[in-house]
4 protein chains.
Amino acid sequence: MSQRPSHKPFRPRKTPAQSRSEATVASIVEAAAQVLETEGFEGFNTNAVARRAGVSIGSLYQYFPGKDALTVALIRRETGRFYEDASLALTRRSGKAALEYLVGAAVRQQLQRPMLARLLDIAEGRPALRGEVGGVEMEELVTTVVRRAAPKHERPEVAAGDLFAIVRGMVDAAGERGERDLEDLERRVRAAVFGYLSRSSAA
Amino acid sequence: MSQRPSHKPFRPRKTPAQSRSEATVASIVEAAAQVLETEGFEGFNTNAVARRAGVSIGSLYQYFPGKDALTVALIRRETGRFYEDASLALTRRSGKAALEYLVGAAVRQQLQRPMLARLLDIAEGRPALRGEVGGVEMEELVTTVVRRAAPKHERPEVAAGDLFAIVRGMVDAAGERGERDLEDLERRVRAAVFGYLSRSSAA
Amino acid sequence: MSQRPSHKPFRPRKTPAQSRSEATVASIVEAAAQVLETEGFEGFNTNAVARRAGVSIGSLYQYFPGKDALTVALIRRETGRFYEDASLALTRRSGKAALEYLVGAAVRQQLQRPMLARLLDIAEGRPALRGEVGGVEMEELVTTVVRRAAPKHERPEVAAGDLFAIVRGMVDAAGERGERDLEDLERRVRAAVFGYLSRSSAA
Amino acid sequence: MSQRPSHKPFRPRKTPAQSRSEATVASIVEAAAQVLETEGFEGFNTNAVARRAGVSIGSLYQYFPGKDALTVALIRRETGRFYEDASLALTRRSGKAALEYLVGAAVRQQLQRPMLARLLDIAEGRPALRGEVGGVEMEELVTTVVRRAAPKHERPEVAAGDLFAIVRGMVDAAGERGERDLEDLERRVRAAVFGYLSRSSAA
DNA sequence: CATGAATGAGGGTTCATTCAT
DNA sequence: CATGAATGAACCCTCATTCAT
């Protein structure tokens with residue numbers, strides 16, 4: 001009835017044990033991604049998502065208690081995919097290689113679906129969603145890598161946050177500009193990352 | 001009978017000749033800033049802005065042909081203020097000092113009204129508004145400063161874009177986290193900026 | 001955020017598959033007719049129509065993409081009804097009888113809901129709606145009948161247009177004056193129609 | 001404040017004794033005509049009229065108590081001009097010539113500013129305006145001419161009304177179609193008029 | 001008297017959400 | 001469980017009219 005719900009949990013309503021529901025949920029989330037990509041925030045509404053997913057609006061609400069839950073699910077999916085790739089950084093031998101891998105993962109992720117990544121970065125910042133989307137693991141991962149790459153750094157958490165911001169800023173801007181040269185972008189991001197570390201680190 | 005919006009310019013509808021309306025326009029723009037700050041995009045609607053400005057909705061539409069025009073005006077106001085400060089960088093003796101001044105200006109601007117700055121950065125990216133908000137001067141300014149600070153750099157425009165993205169990314173994140181330590185933030189942003197330049201520049 | 005109407009089709013949004021919605025659509029169109037009749041163009045707004053139809057404004061917009069589409073639907077309904085009756089003219093033996101039947105149909109249609117007929121005649125002329133309401137069949141029908149009633153006429157299409165205008169002018173004026181005497185009106189319209197033909201036709 | 005005033009006189013607020021006001025009033029009425037012609041009913045609003053007339057909206061309300069008064073003034077102007085021309089019919093020798101003159105006047109009037117004439121015919125029909133625009137003289141004039149052209153007619157008033165309706169219907173339709181051939185149109189209208197009379201008149 | 005800034009009721013339209021089937 | 005018709009609060013915007021200057 002109203003458009004302003006008060007307070008809802010963002011978790012999916014049911015843990016889909018059956019593979020059928022699982023598939024439905026996945027298709028809805030992917031539809032959300034596509035709508036966001038093609039129509040932007042303007043056209044991102046539940047009816048459009050349901051239509052694109054080929055399910056009824058009722059079904060959508062069967063699996064997601066509200067629009068925000070859908071957004072959160074999408075963010076979680078993308079973050080998860082990114083995290084999965086990024087974690088591989090820990091398998092690298094050197095700290096430098098690990099950090100380089102991290103940068104590469106970020107650039108890859110961004111240039112794959114630039115619009116989507118950018119829009120989700122924005123959505124993530126919405127106060128209503130903050131905290132719901134656990135970026136904690138990501139931060140920890142980056143911190144760990146920073147510790148290995150720059151062991152002398154006095155504030156690795158701060159550095160991790162800064163590096164995250166730097167990389168996000170650069171890749172989002174690249175996406176906005178429509179850059180397609182992955183190699184070049186990665187080189188520049190590395191320059192920023194290692195430049196920052198060399199200057200802010202004690203050693 | 002029907003609506004016929006078609007193509008709306010973003011320019012104000014009438015240049016306020018009388019001082020009365022000048023004040024009205026200014027109060028509307030400031031109200032827009034406040035609403036955006038306190039309510040976010042969710043609560044940013046023309047009625048709320050008019051109410052906060054203490055004028056009728058009709059008055060708002062006398063000066064702004066639409067909601068977007070209001071947003072644009074706000075962006076322009078903030079960009080203008082920032083640019084005014086940032087231009088002073090050109091008065092610095094050395095290229096390094098100029099770049100440092102630029103960073104300082106960005107940090108100051110950001111930490112003054114963090115939410116506002118962040119939200120406007122987002123709004124600026126909206127396809128409908130791109131190009132309406134001339135960020136060209138800003139880019140040129142940064143490019144000029146980069147040329148002076150790193151004369152050997154092969155692609156000063158690219159570097160300018162990257163620096164812009166780095167600084168924006170860092171200060172927005174800081175604003176989001178609620179950082180208040182201007183000094184510390186500025187130090188870190190400097191590290192990023194000069195670190196990037198030293199690594200990406202030829203010399 | 002912004003509105004983006006651009007080019008709206010006048011066709012109903014969804015062809016009602018279920019009988020429930022079929023009834024809803026019909027009730028909305030009839031409500032539109034009643035509002036137009038009782039309140040005139042001044043009071044003809046979507047909210048009033050929805051209220052009179054006993055449905056929510058949202059439902060109205062599920063079936064009609066806009067106010068104009070509703071108007072068009074109403075025009076089509078009335079035109080269709082009229083056309084259905086008028087087509088029977090073709091079953092008459094003589095051309096004269098056919099033309100007389102046509103006149104009778106027009107008079108009947110008009111005096112049944114005089115206000116409605118008159119207002120729709122006006123609405124039909126709105127540039128935005130021209131062409132959307134296919135009056136082509138009507139014109140063709142009249143032309144056919146004219147050809148049979150006055151085979152020697154050099155410009156049957158022109159005559160058809162004129163006769164249409166004459167009849168419409170007379171019945172609308174009668175409706176405006178509140179005439180109720182069907183017989184008398186029909187007699188006069190016949191006089192005009194056959195008078196025109198006898199004078200403009202070659203023979 | 002509100003858009004729905006209750007009951008206002010339609011007479012101009014002041015009889016402009018001074019020629020300055022007279023000129024202002026005239027310019028406003030002509031502006032109204034132009035706006036109606038170029039923008040249609042959709043764009044016919046007081047602000048637009050004032051702008052086109054080159055006067056302030058305040059001045060417009062100085063001379064016309066409301067929008068309807070302006071419409072009425074415009075209708076009166078056009079009716080007056082038409083009536084002035086049409087009255088010359090009475091100077092004709094024969095009744096037939098008088099009626100022919102009448103038809104000619106109507107056609108001329110229509111084809112001079114077709115949109116305007118058509119729109120005013122519609123506006124004239126608005127219940128709120130009926131009676132305010134004295135079409136009585138016109139009716140009397142036509143009746144007089146009918147009496148002379150068809151002395152044996154039993155109901156000259158009815159015939160006058162019908163002829164009026166016929167002519168209006170035909171010329172409006174012609175205007176709508178964009179007909180420009182004055183001669184041809186006049187010939188056809190004559191056919192309708194005299195055809196009607198010959199069939200409805202006793203003799 | 002002229003001006004035009006200001007007003008605000010009203011009207012078109014969207015979309016998150018519910019619920020009967 | 002799925003469906004999709006129905007709901008209505010909320011939002012954008014216009015324009016007739018007023019009134020302080």
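Letters A, B, ... are given to chains in the order of the sequence lines, protein chains preceding strands, and every chain is numbered from 1. The analysis underlying the following values was restricted to heavy atoms, covering all of them including side chains, and did not include hydrogens, waters or symmetry mates.
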Q | Distance test, side-chain N/O of D/T46 to OP1/OP2 of F/dA16, below 4.0 Å | A | yes

Q. Rounded to whole angstrom units, what separation is found between the CG atom of B/N45 and the C1' atom of E/dC15?
A. 15 Å

Q.
In whole Å, I'd like the distance from the CD atom of B/E42 to the C1' atom of F/dC12.
A. 17 Å

(Q) Can you measure A/I57 atom CD1 to E/dT18 atom P for me and round it to whole angstrom units? (A) 11 Å

Q: Starting from P on F/dT7, measure out to CG on C/L60 and report it in whole angstrom.
A: 11 Å

(Q) Can you confirm whether the side chains of B/R126 and B/T71 place a donor and an acceptor under 3.5 Å from each other? (A) no

**Q.** Under-3.5 Å donor-acceptor pair between C/Q62 side chain and F/dA6 base
**A.** yes

**Q.** A/S59 side chain vs A/Q62 backbone, donor-acceptor pair below 3.5 Å
**A.** no

Q: Would you mind telling me which residue lines up with the more 5' stretch of DNA chain F, C/V55 or B/G58, judged by nearest nucleotide?
A: C/V55

(Q) Output the pairing pattern of DNA chain F as a dot-bracket string, 5' first, Watson-Crick or G-U wobble with both distances under 3.5 Å, | for cross-strand pairs, [ ] for crossing pairs. (A) .||||||||||||||||||||

Q. Would one find a side-chain N or O of B/S59 under 4.0 angstrom from OP1 or OP2 of E/dA5?
A. no

Q | Length of the CG-C1' vector between A/N47 and F/dT3, whole Å | A | 13 Å

Q. Residues two or more places apart in sequence or in another chain: which of them pass side-chain hydrogen bond (donor to acceptor under 3.5 Å, both in side chains) with B/E37?
A. B/R113

Q) Between atom OH in B/Y61 and atom P in E/dA5, what is the gap in whole Å? A) 19 Å

Q: Send over the distance from A/Y63 OH to E/dA16 P, rounded to a whole Å.
A: 21 Å

Q: May I ask you to list the residues of residues 28-40 of chain D, by number, that have any heavy atom positioned under 4.0 Å from an atom of DNA chain E?
A: none

